[in-house]
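Reviewing the structure listed below.
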Amino acid sequence: MKPLVAIIMVVWNGVDDTLDCLRSLADDPYENKVLILVDNGSTDGSAQKVRAFWPDAQIVSTGRNLGFTGGNNVGLVEAFRIGARYAFLLNNDTTVEAEALTALVDAAERDPGAGILAPVVHYHDSPGSIWFSGAVLRLGRGEAVHDHTRQPERSAAPYASPWVSGCAMLVRMVAVDQVGGFDDRFYLTWEDVDWCVRMRSEGWGVFVVPAARIFHKCSRATRRITGIRCYYAVRNSLLMAQKHAGLGYWTAIVCVVISHARALRRETVTERRESIRTAWQGLRDHWRGRYGPRPV
């Protein structure tokens, strides 16, 4: 029998997107899978509608928005409880190509040193274009960006990447047991980069699997959260550098400030004021050691 996979989906409203994603998952022939839906305080009836569509789903209601990190950590606890060998963390604003999960599990079974494996991610609205197929990490500059030089064929072998996008990742539960879950301080953004770096530091490989493909609607949930681009980007990139860059942390502070200052030139006066305010708040909260959700 194929190993048990716990599909962990964290939702905060967006039930139509969630059901689209689940319909695509239902087409995957991989049979030994359990859906764990973590409802992060939705108000649109997400849990009830998912239950009607996927009766065997294990639904955990947190009662409030724990962010990407907290919600997935809750899901990982459930995955351990049911004895899953793998967890497939999947954003609800994606759809999954048939046999993507099968391809990821097969790649993981072939390489016992793989801790995290991710599919190639296409834009949902432009399926011929790739959104994620690998990454570049420059800790001393506070940068973690997608590497668009990679346009892999489906037949290509899995290849290593310094980090992979958290919108879809298959993780080996033995590796999670060793490394731990997400660092809740990040709340959202940069948590996937941090997790991959921690996995690699413990000897686990992080890979992209070209045979597996999904389609991403590009952060529809996070568009409903203010301060993503500036507050969380500034605060969490500096937390990442502080954790992993050593003396390069001080260089990262300068680089992050310069990068955001340059971005202001492309904004209107109103946008610029809001960006400066939220970026300063992120910088200030990092200095104060204040993490988790952005204060309101």
Side-chain angles (χ1 to χ4, degrees), residues 6-15 17-18 21 35-44 46-47 50 58-80 87-94 116 118 121 132 142 144 163-169 171 176 179-199 216-244 278-279 281-296:
I7 301 170
I8 299 174
M9 187 175 296
V10 178
V11 300
W12 179 55
N13 298 319
V15 67
D17 285 334
T18 301
C21 183
L35 173 63
I36 299 173
L37 185 93
V38 181
D39 185 359
N40 252 353
S42 297
T43 57
D44 63 354
S46 286
V50 168
Q58 297 190 21
I59 297 177
V60 182
S61 297
T62 65
R64 60 191 178 92
N65 193 345
L66 302 180
F68 184 90
T69 56
N72 275 295
N73 284 340
V74 168
L76 288 168
V77 170
E78 286 298 300
F80 276 118
F88 185 36
L89 279 57
L90 185 66
N91 278 16
N92 71 324
D93 61 351
T94 63
I116 299 179
V121 184
F132 181 87
W163 62 275
V164 295
S165 171
C167 79
M169 48 169 59
V171 295
V176 178
V179 175
F182 288 107
D183 184 338
D184 254 337
R185 291 179 296 175
F186 288 96
Y187 190 70
L188 51 85
T189 75
W190 284 89
E191 72 294 312
D192 47 4
V193 185
D194 173 71
W195 209 26
C196 289
V197 169
R198 287 161 50 209
M199 285 280 181
H216 189 207
K217 297 174 185 176
C218 295
S219 304
R220 290 196 180 180
T222 56
R223 290 175 193 170
R224 302 193 295 272
I225 303 175
T226 58
I228 294 293
R229 190 176 63 79
C230 288
Y231 177 80
Y232 290 105
V234 169
R235 189 196 70 181
N236 290 354
S237 62
L238 294 180
L239 173 59
M240 180 75 188
Q242 186 180 56
K243 287 185 67 175
H244 302 292
T278 55
Q281 187 182 39
L283 184 63
R284 181 197 64 195
D285 283 358
H286 171 67
W287 283 337
R288 292 178 175 177
R290 180 184 294 164
Y291 299 107
R294 178 190 176 198
V296 293

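What you are looking at is a predicted structure, and each value in this text was computed from that prediction instead of being measured. Note: hydrogens, waters and symmetry copies are ignored here, and every other heavy atom, side chains too, is used.
For Asp44, the side-chain contact (heavy atoms from CB on, under 4.5 Å) partners two or more places apart in sequence, or in a different chain, are Asn13, Val15, Ser42, Ser46. Every residue two or more places apart in sequence or in another chain that forms a side-chain contact (heavy atoms from CB on, under 4.5 Å) with Ala279 is listed here: Cys230, Val234. With sequence neighbours left out, Arg284 forms a side-chain contact (heavy atoms from CB on, under 4.5 Å) with Trp280, Gln281, Arg288, Arg290. Listed by chain and residue number, nothing satisfies the side-chain hydrogen bond (donor to acceptor under 3.5 Å, both in side chains) test with Ser165 (two or more places apart in sequence, or in another chain). For Phe132, the ring-ring contact (aromatic ring centres under 6.0 Å, His included) partners are His146, Trp163, not counting sequence neighbours. Every residue two or more places apart in sequence or in another chain was checked for a side-chain hydrogen bond (donor to acceptor under 3.5 Å, both in side chains) with Gln242, and none qualifies. In terms of the side-chain hydrogen bond (donor to acceptor under 3.5 Å, both in side chains) criterion, residue partners of His244 (sequence neighbours excluded) are, by chain and number, Asp194. When the ring-ring contact (aromatic ring centres under 6.0 Å, His included) test is applied to Phe88, no partner is found at least two apart in sequence or on another chain. Applying the side-chain contact (heavy atoms from CB on, under 4.5 Å) rule to Ser237 yields the partners Trp190, Val256; only residues at least two apart in sequence or on another chain are considered. Under the side-chain hydrogen bond (donor to acceptor under 3.5 Å, both in side chains) criterion, Thr62 pairs with Asn40, not counting sequence neighbours.
Salt bridge Lys243/Asp183: present, at least one basic N to carboxylate O contact under 4.0 Å.
A distance-only check finds a donor-acceptor pair linking the side chain of Tyr232 to the backbone of Arg294 [under 3.5 Å].
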